[in-house]
Amino acid sequence: MLAGLGALGAAGAIGVAGCSRVPDAGEAGEGNLLERIRAQNTVRVGIAGEVPYGYINDQGELTGEAPEIAKVIFNRLGVENVVPVPTEFGSLIPGLRSQQFDVVSAGMYINPQRCEQVIFADPEYVMLDAFIVPKGNPKGLNNYEDIVRTGAKMATGTAYAEIDYAVAAGVPRGEMLILPDQVAGLAAVEQGRADVFAGTSLTVRQVVKGSDRAEATEAFQPMVDGEPAIGAGGFAFRPSATMLRDAFNRELRKLKESGELLEIMRPFGFSEDEMTDLTAKELCAS
């Protein structure tokens, strides 16, 4: 994912102009989005309710690694109010393109397919995958090849990158159980409707806390055609919002260089291992 989150590879920021893109609805009349949100002092961010990437907490507050980054960067861009627009993960790009919100703030994996529809800031993290499995992992599921070997029933989230990772390993797409999110995935495993739910390692570790019937496997690197499938998450913008994306990217780069980015993300379970210097241009082309 989130996430969760996608397809193969990743994508997003400076230099993303080299990626082909489909113009978004209303592109010609949108104008300078950065100046508009400054004038309104408000930016609307699309989230998908996925811990730890972007969600509403028990106090009704917007939080998660991506929204907390958004709060810092947009404040530095002269925008005080970051307003969440919750939706399902699979609706984030359609919602962005139809102007339901101004930016996707959900840790979305950047990949060439998504680069055809939106533009990305450089990724703020890279992530491995993991599984939710029944306690004791009775089928010995530790990677996608194990799912194929055992014929296990796999579940994952709507529009998650894990769908394509599994297909590449030989899991039939039509036999997967596609669910709204990781919470539904945990329930499916606990209830025996699925043998395994695939997601990002952080998502999986978070959601199994407190469960007495399910556990998380060790994180692993998905492979596609013999190459590592890079799961790197970033902010998505409409193709017309290049000025906003570039300004956001400049501030993100400052956070990386100062080390402040890791300090923002650390409370959500991120470590130095998840930090990255990959660029959107590299990931769009992968």
Side-chain angles (χ1 to χ4, degrees), residues 1-8 10-12 22 24-25 43-58 60-70 82-111 113-120 125 127 129-132 154-167 173-174 176-191 193-194 196-204 206-208 231-238 268:
M1 102 38 47
L2 176 300
L5 314 157
L8 311 181
V22 178
D24 56 295
V43 60
R44 299 165 301 156
V45 299
I47 62 169
E50 185 175 10
V51 179
Y53 301 101
Y55 59 100
I56 304 297
N57 66 17
D58 293 340
E61 300 165 336
L62 173 65
T63 191
E65 62 87 16
E68 295 303 329
I69 294 169
V82 178
V83 177
V85 182
T87 189
E88 292 186 355
F89 190 85
S91 299
L92 285 169
I93 287 180
L96 176 68
R97 289 173 57 82
S98 63
Q99 303 193 34
Q100 295 175 33
F101 35 85
D102 304 308
V103 57
V104 171
S105 178
M108 177 177 281
Y109 277 8
I110 306 165
N111 60 54
Q113 293 90 336
R114 288 175 177 161
C115 292
E116 294 288 332
Q117 303 176 73
V118 297
I119 58 175
F120 284 92
Y125 72 86
M127 186 64 59
D129 276 8
F131 294 156
I132 301 172
M154 175 186 153
T156 191
T158 303
Y160 277 24
E162 286 73 16
I163 295 171
D164 290 326
Y165 297 163
V167 168
R173 186 182 298 268
M176 295 181 206
L177 177 61
I178 305 300
L179 300 169
D181 54 34
Q182 75 280 8
V183 176
L186 173 63
V189 172
E190 289 182 331
Q191 296 164 6
R193 293 184 290 115
V196 57
F197 179 88
T200 69
S201 57
L202 271 184
T203 295
V204 165
Q206 293 273 358
V207 77
V208 299
F235 286 73
F237 303 81
R238 285 187 289 276
F268 301 97

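Computation of the quantities below employed the complete heavy-atom set of this structure, encompassing side-chain atoms and omitting hydrogens, waters and symmetry-equivalent molecules. For reference, positions follow the sequence shown, starting with 1.
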[Y] side chain reached by [X] side chain, heavy atoms, under 4.5 Å:
| X | Y | answer |
| --- | --- | --- |
| Val208 | Val189 | no |
| Thr63 | Glu61 | no |
| Arg173 | Ile163 | yes |
| Ser201 | Asp129 | no |
| Val207 | Phe197 | no |
| Phe101 | Val45 | no |
| Met176 | Tyr160 | no |

Inset, instruction - State which residues pass side-chain contact (heavy atoms from CB on, under 4.5 Å) with Ala198; sequence neighbours excluded, sorted by chain then number. - result: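 Residues passing side-chain contact (heavy atoms from CB on, under 4.5 Å) with Ala198: Phe131, Tyr144, Met154, Thr156, Glu162.
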What's the separation between atom [atom1] in [X] and atom [atom2] in [Y], rounded to the nearest 0.5 Å?
| X | Y | atom1 | atom2 | result |
| --- | --- | --- | --- | --- |
| Thr200 | Gln206 | OG1 | CD | 9.5 Å |
| Met127 | Tyr109 | CE | OH | 6.0 Å |
| Ile132 | Thr203 | CD1 | OG1 | 9.0 Å |

I need the minimum non-hydrogen distance between [X] and [Y], along with the two atoms involved.
| X | Y | value |
| --- | --- | --- |
| Leu179 | Ala184 | CD1-O, 3.6 Å |
| Thr158 | Pro180 | OG1-CA, 4.0 Å |
| Gln99 | Arg238 | CA-NH1, 3.4 Å |
| Gly107 | Glu65 | CA-OE2, 3.5 Å |
| Pro84 | Ile47 | CB-CD1, 4.1 Å |
| Leu202 | Phe268 | CD1-O, 4.0 Å |

Inset, instruction - Could you tell me whether Tyr53 and Tyr125 have their ring centroids closer than 6.0 angstrom? - result: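 Close enough - the centres of the two rings lie under 6.0 Å apart.
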Inset, instruction - For the pair Arg44 (side chain) and Val85 (backbone), establish whether a donor and an acceptor sit closer than 3.5 Å, ignoring hydrogens and angles. - result: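 No, the answer is negative, given that no donor and acceptor are paired below the 3.5 Å cut-off.
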Legend entry - Arg97 side chain to Gln117 backbone, donor-acceptor under 3.5 Å: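 Yes: the side chain of Arg97 pairs with the backbone of Gln117.
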Inset, instruction - Pick out which of Val118, Leu92, Leu96 makes a side chain to side chain contact (heavy atoms under 4.5 Å, CB included) with Met108. - result: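 Exactly one candidate clears the test, Leu92.
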Inset, instruction - Please list, chain by chain and in numerical order, all residues satisfying side chain to side chain donor-acceptor pair (under 3.5 Å) with Glu190, sequence neighbours excluded. - result: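 Glu190 satisfies side chain to side chain donor-acceptor pair (under 3.5 Å) with Ser211 once adjacent residues are dropped.
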Inset, instruction - List for me each residue that meets side chain to side chain donor-acceptor pair (under 3.5 Å) alongside Gln100, sequence neighbours excluded, and say none if there are none. - result: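 Gln100: side chain to side chain donor-acceptor pair (under 3.5 Å) contacts with Ser98.
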